[in-house]
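The structure under discussion appears below in the form of structure tokens.
So you know, we letter chains A, B, ... as the sequences are listed, proteins then strands, and number each from 1. Just so you know, these numbers come straight off a predicted model, no measurement behind them.
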There are 4 protein chains.
Amino acid sequence: MSKTDKRNDILNAAMTLFAEQGFHGAPMAQISERAGVGAGTIYRYFKNRDVLIMEIHTTLFDKFTNHLKERYPHGRPVRECFFHIGKGIIDYFIKQPLEFRYNEQFHHSPYGLEVRRNKLTNTTGEHDIVLELYEKGMEYQVIKPIPMALFFDLAIAPIFWAVRDHHQGFIKIDNALSETIVSSCWDSIRI
Amino acid sequence: MSKTDKRNDILNAAMTLFAEQGFHGAPMAQISERAGVGAGTIYRYFKNRDVLIMEIHTTLFDKFTNHLKERYPHGRPVRECFFHIGKGIIDYFIKQPLEFRYNEQFHHSPYGLEVRRNKLTNTTGEHDIVLELYEKGMEYQVIKPIPMALFFDLAIAPIFWAVRDHHQGFIKIDNALSETIVSSCWDSIRI
Amino acid sequence: MSKTDKRNDILNAAMTLFAEQGFHGAPMAQISERAGVGAGTIYRYFKNRDVLIMEIHTTLFDKFTNHLKERYPHGRPVRECFFHIGKGIIDYFIKQPLEFRYNEQFHHSPYGLEVRRNKLTNTTGEHDIVLELYEKGMEYQVIKPIPMALFFDLAIAPIFWAVRDHHQGFIKIDNALSETIVSSCWDSIRI
Amino acid sequence: MSKTDKRNDILNAAMTLFAEQGFHGAPMAQISERAGVGAGTIYRYFKNRDVLIMEIHTTLFDKFTNHLKERYPHGRPVRECFFHIGKGIIDYFIKQPLEFRYNEQFHHSPYGLEVRRNKLTNTTGEHDIVLELYEKGMEYQVIKPIPMALFFDLAIAPIFWAVRDHHQGFIKIDNALSETIVSSCWDSIRI
DNA sequence: GATGAATGAGCGTTCATTCAT
DNA sequence: GATGAATGAACGCTCATTCAT
């Protein structure tokens with residue numbers, strides 16, 4: 001088993017347990033047991049628990065972002081781009097319930113706040129796909145003149161809530177409903 | 001000091017500390033200290049920590065619901081009723097940052113899931129109002145034909161996210177922006 | 001059992017174990033077991049392990065100092081005062097092997113250095129009995145003109161080493177030998 | 001690099017780290033890193049940590065003893081021999097602060113006791129010289145009639161304490177003060 | 001021979017809960 | 001009823017040692 005394998009085992013075990021039981025319900029000992037490694041081994045790959053939690057986020061976020069960037073309709077109208085993203089988010093997280101749960105846990109923890117803050121006050125050159133959309137929408141005046149953070153709230157919040165409801169069994173999102181959701185979000189931000 | 005007073009002191013102390021420091025950052029000893037009671041006294045009023053956390057939620061939720069019911073425009077058009085609720089939520093939680101923080105913590109903890117499940121199944125409290133709104137909207141065909149849970153997601157999610165952004169300093173919600181937010185939500189659900 | 005009793009139990013258990021097994025050979029769990037209290041109880045009386053170690057020192061040092069101050073020949077010649085102290089140290093630590101061992105451990109740990117530093121650079125009004133002796137000896141020119149720290153080294157070091165040899169069985173200090181030791185130390189510092 | 005080189009690298013790295021950070025502050029991993037060898041390699045040369053600690057002592061002690069034996073004034077008066085040894089100790093350890101620190105750590109650890117016991121029982125190394133000195137002093141009646149261990153305590157203890165004070169900055173030992181120290185020690189043992 | 005990844009027992013400390021007063 | 005001292009299981013983390021390569 002290669003070094004990368006073991007690291008991945010830990011990442012997966014931790015992600016699963018954090019998703020299923022919350023950050024506080026998953027002690028390091030349980031993670032190591034599930035990963036099939038010794039308790040101390042985790043610390044060869046991650047300096048401490050906090051770093052592990054952050055690294056899971058980073059890993060998942062990269063994977064998620066790559067998914068959204070696939071077949072992204074560069075150069076096409078803002079509306080079309082938005083639909084790509086909205087439906088992309090739904091598709092991805094419908095298929096990945098654990099990642100979705102992890103994501104929810106993460107963004108409602110102290111870790112999540114900091115990440116969000118960095119994202120919204122982004123001074124690094126990182127190209128956030130949604131941020132770019134917002135700027136283009138403003139430029140072409142196809143979306144309402146609102147602060148960027150609020151753009152996120154209106155356009156994205158319902159999507160995440162709907163996915164959560166799907167996983168909790170309150171609704172069943174198929175292609176048609178996915179279309180309805182994203183379309184409704186678009187209605188709330190378009191001029 | 002009456003029995004009720006002491007119970008309230010505990011509820012308030014616990015709510016504040018949970019809101020400020022998270023569930024994990026507020027040990028029972030600190031709660032009892034802040035409430036001005038002995039550590040053991042908490043257990044006379046609440047069977048254990050989990051029950052305390054649940055009771056705080058119930059208490060806050062009742063208070064919040066009552067706020068929304070005040071001057072509720074019964075019999076008026078769905079749109080007007082929705083604006084009453086939407087702006088009511090914003091007003092309330094802008095003024096009550098601690099309660100908002102508590103609410104967020106709560107709904108993203110294991111406790112939260114169960115409550116939500118009951119909420120959508122039973123029809124009590126807040127949902128009486130919103131449920132009624134949904135049904136009336138369906139009947140008069142002024143809102144899109146979507147499942148009730150999705151109605152929630154579209155209409156309410158952005159409001160909570162926006163309030164969170166307000167408290168975290170990413171946006172500043174004044175009356176005008178409040179109007180914009182609720183209006184945008186309405187755009188996403190109206191026919 | 002009073003509060004003070006339990007605190008004393010912990011202090012004694014810890015002192016004994018530290019003396020017998022060294023700081024590193026005495027885990028908190030063993031201390032609590034020997035003290036007959038729960039593991040967490042120690043932390044009601046001492047913030048942490050380091051504080052416990054310091055408090056033992058303080059307690060022992062006060063007791064020891066009080067012993068030396070008994071029947072101290074105030075106003076009598078420096079030589080007589082020195083003999084009182086020298087023989088007092090020997091008497092005390094011959095009778096208290098555990099306290100002696102603790103003292104040795106302590107003074108050769110990082111804790112000990114700090115204490116010694118404070119003592120030698122003393123700006124607090126604390127009346128150290130040996131320090132006073134040094135100053136009087138200098139004033140009356142009955143001891144060699146040497147730095148204070150060296151006075152300690154010459155006058156006190158052999159006494160502690162001799163007591164250690166006594167406890168380790170290399171010598172047997174009786175009254176006569178005690179007299180010899182202190183007298184020899186005096187020979188090394190007197191003019 | 002020969003076998004001996006690697007062994008020496010480990011000894012030096014370990015000695016330095018133990019001296020600087022104490023036995024408990026220097027994990028094997030850090031030692032191996034500093035020595036430029038793999039973690040497991042240490043165990044090819046030393047059965048375990050305790051053995052490593054003991055071997056460092058032995059090595060340093062041999063080196064130290066050889067230093068004292070250099071230009072030893074065999075056949076000259078006891079006083080002269082004593083001055084050679086006393087000043088030799090001071091010179092050596094003033095120049096070798098790390099070795100001195102290591103020595104102090106060692107002798108106040110559980111390891112130290114056993115070694116000292118053997119030292120006073122057997123007659124090897126340093127003690128050859130000092131033992132000889134003691135016996136000659138007794139024979140010619142130039143030093144007080146005291147047990148050998150006590151001879152050590154009176155003659156050597158102040159020297160070690162003074163060197164410690166030098167390294168800790170409480171005194172500054174130059175040639176004159178070195179003379180004073182050894183001379184004072186002599187005063188305490190001579191007839 | 002040499003390596004360093006892996007181990008897991010053991011550490012200091014916390015805190016929800018109990019119960020004698 | 002009210003208290004808060006006492007508990008001990010549980011936690012995150014370290015590190016001496018092993019052993020497959």
Side-chain angles (χ1 to χ4, degrees), chain A residues 1-3 5-7 10 24-33 35-52, chain B residues 1-3 6 10 23-33 35-53, chain C residues 1-3 5-7 10 24-33 35-52, chain D residues 1-3 6 10 23-33 35-53:
Chain A
M1 180 183 284
S2 82
K3 180 168 173 167
D5 282 348
K6 204 153 257 179
R7 195 187 136 96
I10 294 166
H24 326 329
M28 297 303 270
Q30 199 180 348
I31 293 169
S32 70
E33 194 187 8
V37 302
T41 304
I42 296 178
Y43 295 88
R44 294 199 63 69
Y45 295 97
F46 307 96
K47 193 180 186 330
N48 56 41
R49 188 171 223 262
D50 287 359
V51 167
L52 173 59
Chain B
M1 179 184 286
S2 81
K3 179 168 171 169
K6 205 156 258 184
I10 294 166
F23 286 136
H24 324 318
M28 297 300 269
Q30 200 180 347
I31 293 169
S32 71
E33 192 189 10
V37 304
T41 306
I42 297 179
Y43 292 85
R44 295 213 137 283
Y45 296 96
F46 307 95
K47 190 179 186 326
N48 56 39
R49 189 172 219 263
D50 287 359
V51 167
L52 172 60
I53 288 171
Chain C
M1 179 184 286
S2 83
K3 179 170 173 164
D5 282 347
K6 202 151 259 180
R7 195 187 135 96
I10 293 166
H24 326 331
M28 298 302 271
Q30 199 180 348
I31 293 169
S32 70
E33 193 187 9
V37 303
T41 305
I42 296 178
Y43 294 87
R44 294 199 64 69
Y45 296 97
F46 307 95
K47 193 180 185 329
N48 55 41
R49 187 172 224 262
D50 287 359
V51 167
L52 173 59
Chain D
M1 180 186 285
S2 81
K3 180 168 171 168
K6 204 156 258 184
I10 294 167
F23 288 136
H24 324 318
M28 297 300 269
Q30 201 180 346
I31 293 169
S32 71
E33 192 188 9
V37 304
T41 306
I42 297 179
Y43 292 85
R44 295 214 136 283
Y45 296 96
F46 308 95
K47 190 179 186 326
N48 57 38
R49 190 173 220 263
D50 287 359
V51 167
L52 173 59
I53 288 171

Task: Spacing of C/Tyr43 atom OH relative to E/dA16 atom P, expressed in whole Å - done: 17 Å
Task: Atom-pair distance (CE on A/Met28; C1' on E/dA9), nearest Å - done: 17 Å
Open item on the list: Rounding to an integer number of Å, can you tell me how far B/Lys47 NZ sits from E/dT18 C1'?
Closed with: 12 Å
TODO: Check the distance between F/dA5's P and C/Phe46's CZ and give it to me in whole angstrom.
DONE: 14 Å
Task: Nearest-0.5 Å distance, NZ of residue C/Lys6 to OG1 of residue C/Thr41 - done: 6.5 Å
Task: Between C1' of F/dA10 and CD1 of A/Ile31, the distance in whole Å - done: 15 Å
Open item on the list: Is there a side chain to side chain contact (heavy atoms under 4.5 Å, CB included) between D/Met28 and D/Ile31? Walk through the geometry before answering.
Closed with: CA-CA 5 Å; D/Met28 297 300 269; D/Ile31 293 169; 4.2 Å; yes
TODO: Select from D/Asp50 and B/Thr41 the residue whose nearest nucleotide in DNA chain F is closer to the 5' end of that strand.
DONE: B/Thr41
Task: Opposite nucleotide pairing with F/dG8, Watson-Crick or G-U, both atom distances under 3.5 Å - done: E/dC15
Open item on the list: I need the CD-P distance between C/Gln30 and F/dG8, as an integer number of Å.
Closed with: 17 Å
Task: Atom pair distance, as rounded to whole Å: CG in D/Asn48 and P in F/dT18 - done: 8 Å
Task: Nearest-nucleotide pick for A/Ala39, side chain only, options being F/dG8, E/dA9, F/dA16 - done: E/dA9
Task: Residue whose closest nucleotide on DNA chain F lies nearer the 5' end, A/Arg49 versus D/Phe23 - done: A/Arg49
Open item on the list: Counting the atoms with a prime plus P, OP1 and OP2 as sugar-phosphate, which does D/Arg44 contact under 4.0 Å by heavy atoms, base, sugar-phosphate, or nothing?
Closed with: base
Open item on the list: Return the pairing partner of E/dT21 with a 3.5 Å limit on both distances, Watson-Crick or G-U wobble; otherwise return none.
Closed with: F/dA2
Open item on the list: Looking at F/dA6, I'd like to know if its phosphate oxygens (OP1 or OP2) sit under 4.0 Å from a side-chain N or O belonging to C/Tyr45.
Closed with: yes
TODO: Using a cut-off of strictly less than 4.0 Å, decide whether A/Lys6 has a side-chain nitrogen or oxygen near OP1 or OP2 of E/dA5.
DONE: no
- [ ] Return the value, rounded to whole Å, for the distance between atom CG of B/Leu52 and atom C1' of E/dC15.
- [x] 15 Å
